[in-house]
Amino acid sequence: MNVRELKSYLDAKAAYYDHPDFIANDPVCIPHRFSKLQDIEIAGLFAAVLAWGNRTTIISKCTELLALMDNAPYDYLLHHKPQERLQLMQFCHRTFNGLDLLYFVEFLQHYYTNVTSLEFAFSGHITPEDETVEKALIGFRRIFFALEHPERTGKHISTPEKNSACKRLNMYLRWMVRQDKNGVDFGLWKHIKPSQLVCPVDVHVARVAARLGLISEAKATWKTALELTARLRAMDPEDPAKYDFALFGLGVIEKYV
């Protein structure tokens, strides 16, 4: 396909998957259970961080985690008693365990005691002139681990500084930032522009993108994520992350590899 044909093809795929029917079987359904800003932010962060493996399992484990917080995560964080944290130790999803969860809860409680929205933990590190959210991701990780924390927990918040593709955090930012007329993404955060978003890249997206000639090699790295996003921004300068729907759908659902 030439550039025009490829854009037309990906526009059609993005429109097909960026639809309310997409929500039910995707981890984005977890924050969609809530209406309060902080509940959406907290549920969305956990859904994104835990989003590896089978999507059905991810949704099930997120449901289990939120039940431990009485399905009111913001209220739980602000008002739970220290002894209530003991029940969190039973939680485990792949390499994310109760010890990791305890630190996440500690950080979020500390953060929301002082700041009204998690947006500022990201947006405070970039300006409208920054091309991408790279500095936002780096800054968020530094804030997140500013408290004393288990060394093992560090692996659950990735950073471009280590050439990680930061797939899960980029997906989370897509949910929170992207202005989506179809209602899949929330568009609640206003201090980061949709044009600054970086396309989430995992092994499936990388393979599809390489096959379509959008990236030079099928590797899930930060370098690759920037290369892919630059190509997608050329197709839609204001909303490059919309093509995440197309590439994810092609790779995971249609097995286009």
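At least one side-chain heavy atom of Ile30 sits less than 4.5 Å from a side-chain heavy atom of Leu66. Side-chain contact check for Val201 versus Asn170: every heavy-atom pair is 4.5 Å or farther apart. With contacts defined as side-chain heavy-atom distances shorter than 4.5 Å, the pair Leu173/Val198 does not qualify. For the pair Arg168 and Ser158, the minimum side-chain heavy-atom distance is 4.5 Å or more. You'll find the side chain of Leu108 reaches within 4.5 Å of the side chain of Phe46, heavy atoms only. Between Val105 and Met69 the shortest side-chain heavy-atom distance falls below 4.5 Å. Within the 4.5 Å cutoff, side-chain heavy atoms of Leu247 are placed close to those of Leu212. Within the 4.5 Å cutoff, the side chain of Ile138 has no heavy atoms near those of the His125 side chain.
For Tyr243, there are no ring pair (Phe, Tyr, Trp, His ring centres under 6.0 Å) partners at least two apart in sequence or on another chain. Partners of Arg33 by salt bridge (charged side-chain N to carboxylate O under 4.0 Å, His left out), not counting sequence neighbours: none found. Not a single ring pair (Phe, Tyr, Trp, His ring centres under 6.0 Å) links Phe91 to another residue, sequence neighbours left out. In this view, Arg233 and Glu131 satisfy the salt bridge (charged side-chain N to carboxylate O under 4.0 Å, His left out) rule, not counting sequence neighbours. Take Lys193 and apply the salt bridge (charged side-chain N to carboxylate O under 4.0 Å, His left out) test, not counting sequence neighbours, and it matches no residue. Considering only residues two or more places apart in sequence or on other chains, Asn54 meets the side chain to side chain contact (heavy atoms under 4.5 Å, CB included) condition with Thr56, Thr57. Residues satisfying the salt bridge (charged side-chain N to carboxylate O under 4.0 Å, His left out) criterion with Asp11, sequence neighbours excluded, are Lys7, Lys242. Qualifying side chain to side chain donor-acceptor pair (under 3.5 Å) partners for Lys181, counting only residues two or more places apart in sequence or in other chains: none. Not a single side chain to side chain donor-acceptor pair (under 3.5 Å) links Ser8 to another residue, sequence neighbours left out. Under the side chain to side chain donor-acceptor pair (under 3.5 Å) criterion, Gln109 pairs with Arg85, not counting sequence neighbours.
Taking each heavy atom of Ala225 and Ala165 in turn, the nearest pair found is CB-O, 4.3 Å. Nearest heavy-atom pair across Cys62 and Ala47 is SG-CA, 3.6 Å. Between Ile42 and Pro73, the shortest heavy-atom contact is CG2-CB, 3.6 Å. For Val184 against Val28, the heavy-atom pair with the smallest separation is O-CG2, 3.7 Å. Across Cys29 and Ile23, no two heavy atoms sit closer than the pair CB-O, 3.1 Å. In plain terms, the two heavy atoms of Tyr74 and Lys36 that are nearest each other are CD2-CD, 3.9 Å.
One distance of note links CD of Glu254 with NE2 of His204; it measures 14.0 Å at 0.5 Å rounding. The distance from the CD1 atom of Ile157 to the OG atom of Ser164 is 10.5 Å, given to the nearest 0.5 Å. To the nearest 0.5 Å, atoms CD (Glu64) and CG (Leu68) are separated by 6.0 Å. Here CD of Gln90 is found 10.0 Å from CG of Leu65. Values are rounded to the nearest 0.5 Å. Taking CG from Leu118 and CZ from Phe144, the interatomic distance works out to 9.0 Å, rounded to the nearest 0.5 Å. Expressed to the nearest 0.5 Å, how far CE of Met171 lies from CG of Asp185 amounts to 10.5 Å.
With hydrophobic clusters built from ILVMFWY side chains whose heavy atoms lie under 4.5 angstrom apart, Met235 shares a cluster with Tyr9. Following chains of ILVMFWY side-chain contacts shorter than 4.5 Å, one cannot reach Phe107 starting from Leu99, and the two form parts of different hydrophobic clusters.
A centroid separation of less than 6.0 Å is found between the aromatic rings of Phe245 and Phe22.
Pairs of residues two or more places apart, or lying in two chains, that qualify as salt bridge (charged side-chain N to carboxylate O under 4.0 Å, His left out) and include a residue from residues 93-111 are Asp100-Arg152. Annotation: ring-ring contact (aromatic ring centres under 6.0 Å, His included) contacts involving residues 177-200, sequence neighbours excluded, comprise His32-Phe186, Phe120-His191, Phe122-Trp189, Tyr172-Trp189.
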Can Arg178 and Asp244 be said to form a salt bridge (charged side-chain N to carboxylate O under 4.0 Å, His left out), step by step? CA-CA 12 Å; Arg178 185 173 172 270; Asp244 182 30; over 6 Å; no
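For Lys135 (side chain) and Thr132 (main-chain N/O), no donor-acceptor pair under 3.5 Å exists by modelled atom type. At least one donor-acceptor pair closer than 3.5 Å links the side chain of Lys61 to the backbone N or O of Cys92. At distances below 3.5 Å, not a single donor-acceptor pair connects side-chain atoms of Gln179 with backbone N or O atoms of Pro194. Between the Thr159 side chain and the Lys162 main chain, no donor and acceptor come within less than 3.5 Å of each other. In this structure, the side chain of Tyr111 engages the main chain of Ala121 through a donor-acceptor pair within 3.5 Å.
Taking the six-membered ring where tryptophan is involved, the planes of Phe96 and Phe104 are perpendicular, since the angle between them exceeds 60° and thus also 30°.
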